[in-house]
There are 2 protein chains.
Amino acid sequence: MPSSSPDVEALKQQFSDFLKRKQYRNTQERYKVLDRIAELDRHFSADELYVYMNTKGDSVSRATIYSTLDLLTKCSILMKHRFQGDSAHFELSSRMPDHDHLICVECGRIVEFRAEEIDGIRDTVAKNLGFKPLTHSLQIFAVCPDPVTCEHNGRD
Amino acid sequence: MPSSSPDVEALKQQFSDFLKRKQYRNTQERYKVLDRIAELDRHFSADELYVYMNTKGDSVSRATIYSTLDLLTKCSILMKHRFQGDSAHFELSSRMPDHDHLICVECGRIVEFRAEEIDGIRDTVAKNLGFKPLTHSLQIFAVCPDPVTCEHNGRD
DNA sequence: GTTCTTGCAAACCCTTTGCACGTCT
DNA sequence: AGACGTGCAAAGGGTTTGCAAGAAC
């Protein structure tokens with residue numbers, strides 16, 4: 001297995017523990033969804049995952065995908081993002097721990113970055129307010145340096 | 001006028017400049033929407049604003065509200081947030097500059113806070129990536145200290 | 001007068017739900 | 001066997017759009 005891939009077995013174990021603890025059932029579909037997410041190893045929407053799985057020959061319905069994505073988010077295996085667009089985006093929490101996103105407001109380009117200082121701020125803020133910190137999502141809105149797509153002054 | 005209210009005239013001027021620059025028209029509806037937003041002076045969804053305006057006797061359609069919210073967001077008068085729920089939320093950028101949100105993943109409670117350090121991180125990160133920083137949105141996900149609503153271990 | 005904006009309702013997209021069937025325990 | 005999960009299609013909620021009437025320029 002490629003060294004850069006997520007540790008699928010560890011994720012399955014974590015998922016299995018969660019399902020047992022919450023008394024959900026171990027179904028083939030749920031583990032298959034996790035498998036394919038690990039293969040993708042990038043941001044994806046529910047529908048992109050649905051299309052990907054059908055391309056790969058899995059027959060898993062949208063209902064099951066949405067349901068499983070919800071479970072995987074609840075047990076912190078997945079991180080759910082709401083970028084500007086319509087649909088939610090997900091990615092493995094283990095993929096790039098605590099990274100954040102910079103979004104160009106002109107062209108929609110998304111750049112990932114890591115700023116370690118955020119982790120400390122997150123923990124300090126949460127504790128000061130009496131909360132137990134879990135995770136965070138920082139989105140920086142900026143203008144892209146590409147003159148062709150971003151330095152125009154049009155109506156859109 | 002109450003001293004804590006946003007400076008509506010300045011906002012209207014800013015909006016007017018934007019409309020002229022982008023060659024949009026000055027319509028009564030657009031300024032009326034901005035007026036009511038300033039009155040509200042809090043987070044709101046498009047539909048909450050629609051209901052509020054109809055309560056106040058304005059006859060502005062949902063289509064116009066969505067369209068105007070989009071324009072106000074484009075010219076940075078409004079900040080558009082996507083919290084976990086279904087609908088987008090908006091607030092005046094001038095209301096509480098650069099504040100952020102902590103969200104309890106168990107009960108959905110949202111707490112506003114200000115962490116000045118973020119501003120510097122935002123600017124540094126954007127510049128390092130070659131972007132011009134505009135604004136940011138930091139959401140901290142945490143668990144609420146309220147034992148009744150949050151310390152349960154149920155399936156939801 | 002021409003072009004843009006509004007209002008209404010229908011369309012649209014993402015997501016959730018009801019129900020019958022299949023699977024897990 | 002019983003309860004839960006799945007698949008399908010239909011419903012749901014938020015948002016966008018097409019079109020005719022009205023307002024801005």
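Atoms considered below: every heavy atom in the structure, side chains included; atoms not considered: hydrogens, waters and symmetry mates. Being a predicted model, the structure only gives us computed values, none of them experimental. Chain naming here is simple, since letters A, B, ... match the order of the sequence lines and numbering starts at 1 in each.
When the P atom of dG14(D) is taken as reference, atom CZ of R82(A) falls 12 Å away, rounded to whole Å. Between Q28(A) atom CD and dG22(C) atom C1' the separation is 11 Å, expressed in whole Å. Atom CE in M53(B) sits roughly 14 Å away from atom C1' in dG7(C) (whole-Å rounding). Put simply, NZ on K22(B) is 19 Å from C1' on dT5(C), counting in whole angstrom units. Between the CZ atom of F90(B) and the C1' atom of dT15(D) there is a distance of 10 Å, rounded to whole Å. Atom OH in Y24(B) sits roughly 18 Å away from atom P in dT3(C) (whole-Å rounding). L19(B) places its CG atom 19 Å from the P atom of dA23(D), with the value rounded to the nearest Å. Between F83(B) atom CZ and dG14(D) atom P there is a gap of 16 Å when expressed in whole angstrom units.
Contact between the side-chain N/O atoms of R62(B) and the OP1/OP2 oxygens of dT15(D) is not found at any separation under 4.0 Å. Close to dG7(C), at under 4.0 Å from its OP1 or OP2, lies a side-chain N or O of T64(B). Side-chain N/O atoms of Y66(A) include one lying less than 4.0 angstrom from OP1 or OP2 on dT15(C).
H89(B) and H101(B) are not linked by any side-chain donor-acceptor pair at a separation below 3.5 angstrom, with hydrogens and angles left out of the test.
Nearest to the side chain of A88(A), among dT6(C), dC8(D), dT15(C), sits dT15(C). Of the candidates dG7(D), dG7(C), dG5(D), the closest approach to any side-chain atom of A63(A) belongs to dG7(D). Each of dG7(C), dG5(D), dT15(D) was ranked by its minimum atom distance to the side chain of R30(A); first place goes to dG5(D). In the set dG14(D), dC8(D), dT15(C), the nucleotide with an atom closest to the side chain of A46(A) is dT15(C).
The other members of the hydrophobic cluster of V111(A), by chain and number, are L102(A), F113(A), I118(A), I121(A), V125(A), L129(A), F131(A), L138(A), I140(A), L102(B), V111(B), F113(B), I118(B), I121(B), V125(B), L129(B), F131(B), L138(B), I140(B) (side-chain heavy atoms under 4.5 Å, ILVMFWY only).
Nearest-nucleotide assignment on DNA chain C puts the 5′-proximal partner with Y50(B), out of Y50(B) and T27(A). Residue order along DNA chain D, read from the 5' end via each residue's closest nucleotide, puts I65(A) first among I65(A) and S67(B). Mapping D86(B) and V60(A) onto DNA chain D via the closest heavy atom, the residue that lands nearer the 5' end is V60(A).
Counting all heavy atoms, side chain and backbone alike, M79(A) lies closest to F141(B) at CE-CE1, 3.9 Å.
Within the nucleic acid shown, N26(B) comes within 4.0 Å of sugar-phosphate atoms alone, with no base atom in reach, counting heavy atoms only. Across all strands shown, S59(B) has heavy atoms under 4.0 Å from sugar-phosphate atoms exclusively, and none from any base.
E91(B) pairs with exactly one of K80(B), H81(B), R42(B) by the side chain to side chain contact (heavy atoms under 4.5 Å, CB included) rule, that one being H81(B).
At a cut-off of 3.5 angstrom, counting only N and O atoms as typed in the model, there is a donor on one side and an acceptor on the other between the side-chain of R25(B) and the base of dT3(C).
The aromatic rings of H99(B) and H43(B) sit perpendicular to each other, their planes meeting at more than 60°, with 30° as the lower class boundary.
With sequence neighbours left out, the side-chain contact (heavy atoms from CB on, under 4.5 Å) criterion links N54(B) to Y50(B).
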